[in-house]
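Lettering follows sequence order; numbering is per chain, from 1.
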Amino acid sequence: MAGQKIQAPKGVSEYMPPRSDVFEFVREALIDPARRAGYSLMELPVFEDTELFTRGVGASTDVVSKEMYTFTDRGDRSITLRPEGTAGVMRAVIEHGLDRGALPIKVWYSGAFFRAERPQAGRYRQFYQVGIEAIGLDDPAIDAEVIAIADAGFRAIGLTKFRLDLTSLGDSQSRAAHRVDLLKFIATLDLDEATAARASINPLRLFDDKREEMKNAMAKAPLLMDYLSDASRAHFEQVKKYLNVLGISYVLNPRMVRGLDYYTGTTFEFVHELLGAQSGIGGGGRYDGLMQELGGQELSGIGFGLGIDRAVLAAEAEGVISNELFVSDLLIIPLGELAKERALVIAAGLRADNKTVEIAFGDRALKGAMKAADKSGARYVVVLGDSEIASGHVELKEMNTGATASVRIDSLINEL
RNA sequence: GUGGGCGUAGCUCAGCUGGUAGAGCACCCGGUUGUGGUCCGGGAUGUCGCGGGUUCGAGCCCCGUCGCUCACCCCA
């Protein structure tokens, strides 16, 4: 049947004007602090060998076990749309031998990620992230700097109603020691089937249960934070010290749980107050065993992934983005064929000088063109007709105030 | 995968106990000479998600189906 409308696949996030301007602004705001800290772009494929994720992220994680878009390509290879960014960066670093060059490797990336979940507010099947990774440095100062870069990005957007949750997952011996006691403790609880199943996959998950009775039950559970080895503890103390120096406040959250298996040591999450159920706007941490797990050298690393979609929602919830940011400097209304030609040339010149200039094409009546100019939000409007062309002067009208000034066409640039 | 809510003009929604569709916003044109935002006048717009059933008659009732949405799980 002809004319059937085709809809976007379920749960994808799309941005139409004018909201797409907000999206772009947010993305750039999140990337900028990384660039300023010496991080370089790494542009990676959105699909990878499935094994990269089962091995890197962890086969027992929800992300890998039930949320991946996996398919077989024409060469019978198992391919997966990337559900997160770190594993791909590691793969590329190893594949291209970057780990044999100067350390640390500092890169950022931005793009679409995919998880086959039931969509809800702030959770999409295709979503966007900005991430950075700093690989090959154990210095706790880099941990603090990575966190500071994320914080600076959120602040640049104008967000203030968020907090930073911080913890340390320790090294493998810290976790092994804790796990023994935690499992003993959990064995004393009377759990329903689903909860027991979760506990068997990852006992730390129970710390994240939202039910009151579970929160109460877990209140006395042994905390990983109390099992940190001396080295892990010392590292974490330094991270906290540097954050204090930076004036970045955080909330110690020893019950924080992350869904990806590779995290070790310093781990953090940015949580926004106004977002509802999906309130995490970004998170990250150390992953000191990941590189080796993926066949590379034994290099440590730390990074984060920030949710662009959620940052947009947060910005909207806080009402911090002014649409003044996205309006044109000037709109030219040409009257007549000759004026249209001149308008094209004038606009091209001003654009080359970094101004944003629109032309009201379409030979509309002046009144209609002015209405359109008003709606566009352009800061200034100029009507270009025969008399202006003859005199070389235009009336430059400031739309906010209605004030006009006579300006020579070739010095318009100085007035915008 | 589980549960709740909802699907009526581009958008937000109204539509009483079934009688065959409306508002606001937005949009377009006009209010006579080349300057917007207010005001006034006019105008276009809907397979009432889809399919079936009940009925003389269904947007309103029943069944199915698809979709959207929120929450759980999990996470950006």
[atom1] of [X] versus [atom2] of [N]: gap in Å, rounded?
X: A:Leu206; N: B:rC73; atom1: CG; atom2: C1'; answer: 13 Å
X: A:Lys10; N: B:rC70; atom1: NZ; atom2: P; answer: 11 Å
X: A:Arg19; N: B:rG10; atom1: CZ; atom2: P; answer: 21 Å
X: A:Asp374; N: B:rA26; atom1: CG; atom2: P; answer: 12 Å
X: A:Met16; N: B:rG10; atom1: CE; atom2: P; answer: 17 Å
X: A:Lys371; N: B:rG37; atom1: NZ; atom2: C1'; answer: 10 Å
X: A:Met399; N: B:rG37; atom1: CE; atom2: P; answer: 9 Å
X: A:Tyr128; N: B:rA76; atom1: OH; atom2: C1'; answer: 13 Å

Base, sugar-phosphate or nothing for [X]? Non-hydrogen atoms, less than 4.0 Å.
X: A:Phe113; answer: nothing
X: A:Glu84; answer: nothing
X: A:Arg115; answer: base
X: A:Asn400; answer: base
X: A:Gly131; answer: nothing
X: A:Ala121; answer: sugar-phosphate

> Within a reach of under 6.0 Å around CZ of A:Phe47, are more than 12 heavy atoms found that belong to other residues, nucleotides or ligands?
Replying inline: no
> More than 12 foreign heavy atoms under 6.0 Å from NZ of A:Lys215: is that the case here?
Replying inline: yes
Between [N] and [M], how far apart are the two [atom1] atoms, rounded to whole Å?
N: B:rU2; M: B:rC11; atom1: P; value: 30 Å
N: B:rG43; M: B:rA9; atom1: C1'; value: 15 Å
N: B:rC68; M: B:rU55; atom1: P; value: 35 Å
N: B:rG57; M: B:rG1; atom1: C1'; value: 43 Å
N: B:rC63; M: B:rG4; atom1: P; value: 14 Å
N: B:rG53; M: B:rA71; atom1: P; value: 39 Å
N: B:rC29; M: B:rA44; atom1: C1'; value: 11 Å
N: B:rG46; M: B:rA14; atom1: C1'; value: 15 Å

>> Only Watson-Crick and G-U wobble pairs, only distances under 3.5 Å, only runs of 3 or more: what stems does that leave for RNA chain B?
In response: B:1-7 with B:66-72, B:10-13 with B:22-25, B:27-31 with B:39-43, B:49-53 with B:61-65
>> If you define the side chain from C-beta out and look only at heavy atoms, does anything of A:Val407 sit under 4.5 Å from A:Glu395?
In response: no
> Would you say the side chain of A:Gln278 and the base of B:rA71 hold a donor-acceptor pair, judged only by whether the two atoms sit under 3.5 Å apart?
Replying inline: no
> Under 3.5 Å, is there an N or O donor on one side and an acceptor on the other linking the side chain of A:Arg123 and the base of B:rC73?
Replying inline: yes
With a 4.0 Å limit, can you tell me whether [X] has a side-chain N or O closer than that to the phosphate oxygens OP1/OP2 of [N]?
X: A:Gln120; N: B:rC72; answer: yes
X: A:Lys375; N: B:rC28; answer: yes
X: A:Arg258; N: B:rA76; answer: yes
X: A:Lys66; N: B:rC74; answer: no

>> Judged by each residue's nearest nucleotide on RNA chain B, which is more toward the 5′ side, A:Arg364 or A:Phe270?
In response: A:Arg364
>> Please compare A:Gly368 and A:Glu398 by the position of their nearest nucleotide in RNA chain B and report the one closer to 5'.
In response: A:Gly368
> According to the interplanar angle, ranging from 0 to 90°, do the rings of A:Tyr69 and A:Phe114 count as parallel (below 30°), tilted (30 to 60°) or perpendicular (above 60°)?
Replying inline: perpendicular
Cut-off 3.5 Å, no hydrogens considered: what does the side-chain donor-acceptor table look like for residues 81-95 of chain A, sequence neighbours left out?
from    : atom 1 : to       : atom 2 : distance (Å)
A:Arg82 : NE     : A:Ala112 : O      : 2.8
A:Arg82 : NH2    : A:Ala112 : O      : 3.2
A:Glu84 : OE1    : A:Thr86  : N      : 3.3
A:Glu84 : OE1    : A:Tyr262 : OH     : 2.3
A:Glu84 : OE2    : A:Thr86  : N      : 3.3
A:Glu84 : OE2    : A:Ala87  : N      : 2.8
A:Thr86 : OG1    : A:Glu133 : OE2    : 2.8
A:Thr86 : OG1    : A:Tyr262 : OH     : 3.4
A:Arg91 : NE     : A:Glu95  : OE1    : 3.1
A:Arg91 : NH1    : A:Glu48  : OE1    : 2.9
A:Arg91 : NH1    : A:Glu48  : OE2    : 2.5

> Mind checking what makes side-chain contact (heavy atoms from CB on, under 4.5 Å) contact with A:Ala277, not counting sequence neighbours?
Replying inline: A:Gln120
Salt-bridge test for [X] and [Y]: reply yes if a basic N is under 4.0 Å from a carboxylate O, no otherwise.
X: A:Arg286; Y: A:Asp143; answer: yes
X: A:Asp329; Y: A:Arg379; answer: yes
X: A:Glu117; Y: A:Lys66; answer: no

So if I take every side-chain heavy atom of [X] and compare against [options], which nucleotide ends up nearest?
X: A:Glu388; options: B:rA76, B:rG34, B:rG3; answer: B:rG34
X: A:Asp62; options: B:rC74, B:rG36, B:rA71; answer: B:rC74
X: A:Ser387; options: B:rG34, B:rG37, B:rC74; answer: B:rG34

> A:Phe127 stacking on B:rA76: centroids under 5.5 Å, ring planes under 30°?
Replying inline: yes
> When rounded to the nearest 0.5 angstrom, what distance separates CG in A:Asn253 from CZ in A:Phe207?
Replying inline: 10.5 Å
